[in-house]
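Below is one structure, written out as structure tokens; the observations come after it.
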Amino acid sequence: MNKVISTRLKLFVTISSLLIFIILWQIVAQQGLLVKNFPGSFKTISSLIWWVSDPFFDNGPNDLGIGTNLLISLRRVLIGYSLAVLVAVPLGVFMGMSKLAQSSLNPYVQLLKPVSPLAWLPVGLFVFRNSEITGIFVIFITSIWPTLINTAFGVASINPDYLKVSKSLGASKSTTIRRVILPAIMPNILAGMRISMGTAWLVIVAAEMLLGTGIGYFIWNEWNNLSLENIFVAIIIIGFTGFILDQLFGYLQEKFDYSV
């Protein structure tokens, strides 16, 4: 009973705070308290309804529905992110199991990890000469690090007794990795994958402003058209999509913790 009341209270507080924010936004815009012609919440909501009423139209490269642009961005994120995970997990396990590999590769990780995704854009465009591949490359190179670091940390933190027992039972290295190490570090891997997905979704919006399609380019195109309300529409959709992706990984983490 208390849980039901708590859930209803949280929902009431969330909806109330959202309504208050919408009203305050409209008042601030109407009174011109920020800048002239700043779009109000009502105009933004009206534009949002218009865009989501027919989200997948395609009238040419520079006139795509917001749903079409969103799917383009999600496709790039999915490919680049998946490649990053496929590289990060095995490499992280290798670094965690070998002190030599850790000391040899960690300087490169620490050097490349803080590099802005926008710094990789001209490199990708010069090498690949293709905006689609460049977008995937930028996602890959900037989202690989959280999963890699979390995986390596998880392996290094495993109780040495587990590995000794596995060795004493005659398990091969591949069996130890599959039966002992991976199950033990799954919370670390999922936590790293969750952060990497947030990074990938953050990066694609910035990268696509120069790539010609996608939700990031939609924002840039609307800025060129001075349609600030449409930019807010894109921001809302980006935030909502990012929220869903994060909740998905949160659900996976909870399911794994429950199974353990």
Side-chain angles (χ1 to χ4, degrees), residues 47-48 50-91 112 115-148 189-190 192-225 227 230-253:
S47 294
L48 176 63
W50 186 87
W51 281 106
V52 300
S53 63
D54 184 17
F56 299 110
F57 67 81
D58 184 351
N59 297 327
N62 293 321
D63 190 11
L64 300 175
I66 200 162
T68 303
N69 280 300
L70 182 63
L71 290 178
I72 291 171
S73 299
L74 286 172
R75 183 188 68 222
R76 288 170 176 160
V77 166
L78 180 62
I79 297 173
Y81 171 81
S82 298
L83 292 173
V85 171
L86 288 174
V87 172
V89 173
L91 188 58
L112 297 174
V115 176
S116 168
L118 296 181
W120 293 108
L121 264 177
V123 177
L125 288 171
F126 181 81
V127 172
F128 301 111
R129 313 280 177 164
N130 182 285
S131 61
E132 184 72 16
I133 298 176
T134 297
I136 293 170
F137 163 73
V138 171
I139 290 296
F140 169 81
I141 200 68
T142 54
S143 64
I144 190 175
W145 312 119
T147 302
L148 173 61
I189 293 176
L190 287 172
M193 289 175 62
R194 188 175 186 177
I195 298 171
S196 289
M197 177 53 75
T199 302
W201 190 237
L202 180 71
V203 165
I204 194 62
V205 175
E208 284 179 339
M209 289 187 178
L210 300 177
L211 294 181
T213 53
I215 197 71
Y217 182 73
F218 175 88
I219 291 177
W220 185 251
N221 197 42
E222 294 305 316
W223 164 249
N224 290 330
N225 295 330
S227 298
N230 289 336
I231 294 176
F232 281 123
V233 168
I235 289 172
I236 292 170
I237 291 176
I238 290 167
F240 186 70
T241 304
F243 172 77
I244 292 175
L245 292 173
D246 183 74
Q247 290 300 301
L248 175 61
F249 278 96
Y251 172 77
L252 291 175
Q253 285 181 293

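With no hydrogens or angles considered, a side-chain donor-acceptor pair links Thr213 and Arg76 at under 3.5 Å.
When every heavy atom of Ser73 is checked against every heavy atom of Gly216, the shortest pair comes out as OG-N, 4.5 Å. In terms of heavy-atom proximity, Ala206 sits nearest to Leu118 at O-CD2, 3.9 Å. When all heavy atoms are compared, the tightest approach of Tyr217 to Glu208 is CB-O, 3.3 Å. The nearest pair of heavy atoms linking Gly135 to Leu211 is CA-CD1, 3.6 Å. Residues Pro90 and Val87 approach most closely at CD-O, 3.5 Å, considering heavy atoms.
Between the CG atom in Leu71 and the OG1 atom in Thr68 there is a gap of 6.5 Å [rounded to 0.5 Å]. Taking CG of Leu64 as the reference point, atom CZ of Phe56 lies at 12.0 Å (rounded to 0.5 Å). The distance from atom CG of Asn69 to atom CG of Leu74, rounded to the nearest 0.5 Å, is 11.0 Å. For the atom pair Met193 CE and Leu252 CG, the distance stands at 7.5 Å (nearest 0.5 Å). Considering CG of Leu91 and CD1 of Ile144, their distance stands at 6.5 Å, rounded to 0.5 Å. From Arg194, atom CZ reaches atom CD of Gln247 across 6.5 Å, with rounding to the nearest 0.5 Å.
Side chain of Thr142 to backbone of Pro117: no donor-acceptor contact under 3.5 angstrom is found.
Between Ile141 and Val123 there is no side-chain heavy-atom pair separated by less than 4.5 Å. Put simply, the side chain of Leu83 reaches to within 4.5 Å of the side chain of Ile79, judged on heavy atoms. The shortest distance between side-chain heavy atoms of Ile195 and Trp145 does not fall below 4.5 Å.
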**Report entry** Chi angles and distances behind the side-chain contact (heavy atoms from CB on, under 4.5 Å) call for Val77, Val203
**Finding:** CA-CA 9 Å; Val77 166; Val203 165; over 6 Å; no

Query raised in the report: Under the side-chain contact (heavy atoms from CB on, under 4.5 Å) criterion, do Phe57 and Asp63 qualify, and how do the steps go?
Result: CA-CA 8 Å; Phe57 67 81; Asp63 190 11; 3.3 Å; yes

**Report entry** Check against side-chain contact (heavy atoms from CB on, under 4.5 Å), Phe137 and Asn130
**Finding:** CA-CA 10 Å; Phe137 163 73; Asn130 182 285; over 6 Å; no

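The residue from Trp223, Trp50, Trp51 that alone fulfils the side chain to side chain donor-acceptor pair (under 3.5 Å) condition with Asn230 is Trp51.
Residue pairs meeting the side chain to side chain donor-acceptor pair (under 3.5 Å) criterion with at least one partner in residues 196-206, sequence neighbours excluded, are Thr147-Ser196.
Not counting sequence neighbours, Thr134 has no partner by the side-chain hydrogen bond (donor to acceptor under 3.5 Å, both in side chains) test.
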